[in-house]
2 protein chains.
Amino acid sequence: MKPIPSAELSAADAATGPTAQAAGAVLALERFLPYRLSVLTNRISTAIARVYAERFDLTVPEWRVMAVLGRFGPMSANAVCERTAMDKVRVSRAVARLAAARRLVRRVDIRDRRRSVLALTPTGRAIYAEIGPLALAVEARLLSPLGAADRAALDRVLALLEASAGTSFTKA
Amino acid sequence: MKPIPSAELSAADAATGPTAQAAGAVLALERFLPYRLSVLTNRISTAIARVYAERFDLTVPEWRVMAVLGRFGPMSANAVCERTAMDKVRVSRAVARLAAARRLVRRVDIRDRRRSVLALTPTGRAIYAEIGPLALAVEARLLSPLGAADRAALDRVLALLEASAGTSFTKA
DNA sequence: GCAATTTAGTTACAGATGAAACCAATTCCA
DNA sequence: TGGAATTGGTTTCATCTGTAACTAAATTGC
């Protein structure tokens with residue numbers, strides 16, 4: 001799609017100068033928390049994904065499922081959803097791929113036969129054990145410019161925000 | 001895809017108990033910064049997207065482009081990429097949709113005819129002016145449990161992390 | 001000058017995604 | 001009981017996404 005040549009622009013559509021919004025500046029994007037978080041998070045998860053994506057043939061949702069199961073032990077798909085804030089379709093597909101690769105197994109839950117219990121296989125656990133330290137190394141590098149006080153502050157503030165987001169917004 | 005009935009599980013694939021990973025616990029997911037950021041950010045952007053998605057028929061990348069243009073005035077698509085950390089394909093498509101909806105115009109840059117200068121139309125500016133306060137309200141609600149000191153700390157730490165992510169990881 | 005390289009942006013394609021529809025097991029409650 | 005509503009999970013479909021290949025304009029090196 002070609003840009004419209006200048007000559008065809010109507011006067012009404014003419015560009016606003018860089019100062020035009022200064023009067024009613026509504027939203028200073030670079031100070032807007034959701035925006036900052038989004039950009040930062042994107043950069044970080046892309047960087048971490050590079051660590052495991054090619055090397056282990058793992059997608060982001062797959063790694064998340066493995067990480068949750070590795071950390072907390074077997075649980076239902078629904079529980080994985082809650083822990084990761086991913087929707088159930090995404091989890092379902094990640095689980096299907098992981099099961100096909102024999103990295104986890106699904107067992108029917110005897111007490112509620114709609115549910116299946118997901119558990120890493122030894123293979124899955126081995127991969128989890130291998131990726132964990134790599135991911136931690138990335139985190140360490142990221143946090144390296146922060147002193148102890150900064151880290152504590154970050155931890156506290158994140159906890160507050162997590163709580164706030166949990167109550168303010170109805171969780172999907 | 002049905003779960004495999006329990007009886008067909010091999011012993012080797014049996015589930016790990018919740019304690020099995022306690023010995024070699026590699027990664028405490030709930031303390032892992034990239035994970036926490038990702039969950040938090042997902043929740044927030046979903047909440048904000050709800051504000052404008054249906055009401056203005058805007059996707060996330062479209063809103064980002066509008067926000068940058070609204071905030072900083074006309075610029076090239078490339079400049080938008082840098083400001084939003086979105087890749088150029090995404091920006092290109094968002095711009096195409098916005099142009100089709102007459103929310104922005106592209107003019108050929110006379111000084112470099114490969115480039116086009118993007119600028120919000122009056123329509124686009126009106127939408128931007130309407131969404132801004134709504135987005136800010138969501139942010140305010142999110143930040144409400146934080147005191148002044150917490151907000152300052154958050155600001156500082158985010159700046160450090162942004163710098164750290166910028167230098168540690170080669171930007172996409 | 002002008003071929004070779006670089007840069008701005010679009011398009012094609014293959015895979016990922018979410019909303020909604022769906023199936024099956026469970027719970028609710030008259 | 002037994003039908004309606006709920007819940008766990010999968011599938012479908014239309015859309016979104018990123019990689020890579022592409023076009024066109026500008027710059028570089030000679």
Side-chain angles (χ1 to χ4, degrees), chain A residues 1-6 38 42-43 45-47 49-50 53-54 57-65 74-100 104-118 170-172, chain B residues 1-6 38 42-43 45-47 49-50 53-54 57-65 74-101 104-118 171-172:
Chain A
M1 194 178 293
K2 295 273 175 215
I4 303 168
S6 289
S38 171
N42 265 353
R43 292 230 165 93
S45 19
T46 305
R50 267 201 288 274
E54 340 81 44
D57 186 32
L58 269 183
T59 66
V60 172
E62 277 166 54
W63 160 241
R64 294 236 177 111
V65 171
M75 69 181 77
S76 72
N78 220 338
V80 171
C81 291
E82 280 160 26
R83 291 240 182 237
T84 57
M86 300 194 292
D87 71 298
K88 59 185 188 166
V89 177
R90 215 156 130 162
V91 169
S92 171
R93 287 195 263 239
V95 165
R97 281 185 301 251
L98 289 170
L104 64 74
V105 287
R106 300 184 245 220
R107 284 167 303 152
V108 176
D109 184 338
I110 306 299
R111 312 179 43 147
D112 183 343
R113 290 154 45 72
R114 290 170 302 185
R115 205 171 300 178
S116 26
V117 176
L118 309 172
T170 358
K171 55 197 56 170
Chain B
M1 194 180 291
K2 294 277 176 212
I4 304 168
S6 289
S38 171
N42 265 352
R43 292 229 164 93
S45 19
T46 304
R50 267 201 289 273
E54 339 82 45
D57 186 31
L58 270 183
T59 66
V60 173
E62 277 166 54
W63 161 241
R64 293 236 178 112
V65 171
M75 68 181 78
S76 72
N78 220 340
V80 172
C81 291
E82 280 159 26
R83 291 238 182 237
T84 57
M86 299 195 292
D87 72 298
K88 60 183 187 168
V89 177
R90 213 156 131 164
V91 169
S92 170
R93 288 194 263 237
V95 165
R97 281 184 301 250
L98 288 171
L104 64 75
V105 286
R106 301 183 246 219
R107 284 167 302 152
V108 176
D109 185 338
I110 306 298
R111 313 179 42 147
D112 182 344
R113 292 157 42 71
R114 291 169 303 183
R115 205 171 297 177
S116 26
V117 176
L118 309 172
K171 58 195 56 170

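Residue numbering restarts at 1 for every chain, and letters A, B, ... go by the order of the sequence lines.
- Going from atom CD1 of A:Ile110 over to atom C1' of C:dT26 covers 15 Å, rounded to whole Å.
- Across the protein-nucleic acid pair, A:Met86 atom CE and C:dA16 atom C1' stand 13 Å apart, rounded to whole Å.
- The NZ atom of B:Lys88 sits 11 Å away from the C1' atom of D:dT23 (whole-angstrom rounding).
- Closest of all the heavy-atom pairs between A:Val91 and A:Ala77 is CG1-O, 4.0 Å.
- Residue A:Leu98 holds its CG atom at 5.0 Å from CG of A:Leu104, rounded to the nearest 0.5 Å.
- Listed by first and then second residue, the salt bridge (charged side-chain N to carboxylate O under 4.0 Å, His left out) pairs involving residues 86-98 of chain A are A:Glu62-A:Arg97 (not counting sequence neighbours).
- With values rounded to the nearest 0.5 angstrom, B:Asp109 atom CG is found 7.0 Å from B:Arg111 atom CZ.
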Protein-nucleic acid N or O pairs under 3.5 Å, nucleotides 17-19 of chain D:
| residue | atom | partner | partner atom | Å |
| --- | --- | --- | --- | --- |
| D:dG18 | OP1 | B:Arg90 | NH1 | 3.4 |
| D:dG18 | OP2 | B:Asp87 | OD1 | 2.9 |
| D:dG18 | N7 | B:Arg93 | NH2 | 2.8 |
| D:dG18 | O6 | B:Arg93 | NH1 | 3.2 |
| D:dG18 | O6 | B:Arg93 | NH2 | 3.0 |

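- Atom pair A:Arg106:CZ and C:dA25:P shows a separation of 16 Å (rounding to whole Å applied).
- Note that CG of B:Asn78 is 10.5 Å distant from OG of B:Ser116, once rounded to the nearest 0.5 Å.
- For the pair A:Arg111 CZ and D:dT7 C1', the computed distance is 16 Å after rounding to whole Å.
- In this structure, the separation between SG on B:Cys81 and CZ on B:Arg64 is 12.5 Å, given to the nearest 0.5 Å.
- Between the CZ atom of A:Arg43 and the OG atom of A:Ser38 there is a distance of 10.5 Å, given to the nearest 0.5 Å.
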Quick one: which protein N/O atoms are closer than 3.5 Å to N/O atoms of nucleotides 5-7 of chain C? Pair and distance per line, please.
| residue | atom | partner | partner atom | Å |
| --- | --- | --- | --- | --- |
| C:dT7 | O4' | B:Arg114 | NH1 | 3.4 |
| C:dT7 | O2 | B:Arg114 | NH1 | 2.8 |

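- For A:Leu104 and D:dG9, the CG to P distance is 13 Å, given to the nearest whole Å.
- Here the options are B:Thr84, B:Leu58, B:Val80, the test is side chain to side chain contact (heavy atoms under 4.5 Å, CB included), and the partner is B:Val65; only B:Val80 passes.
- Atom CD in A:Glu62 sits about 11 Å away from atom C1' in C:dA16, given to the nearest Å.
- Taking all atoms of both residues into account, the shortest heavy-atom contact from B:Arg106 to B:Ala96 is NH2-CA, 3.8 Å.
- Listed pair B:Ser92 / C:dG9 fails the phosphate criterion, with no side-chain N or O lying under 4.0 Å from OP1 or OP2.
- With DNA chain C read from its 5' end, the first of the two nearest nucleotides for A:Arg113 and B:Asp112 is the one closest to B:Asp112.
- In this structure, CG of B:Leu58 is placed 12 Å from P of D:dC16, rounded to the nearest angstrom.
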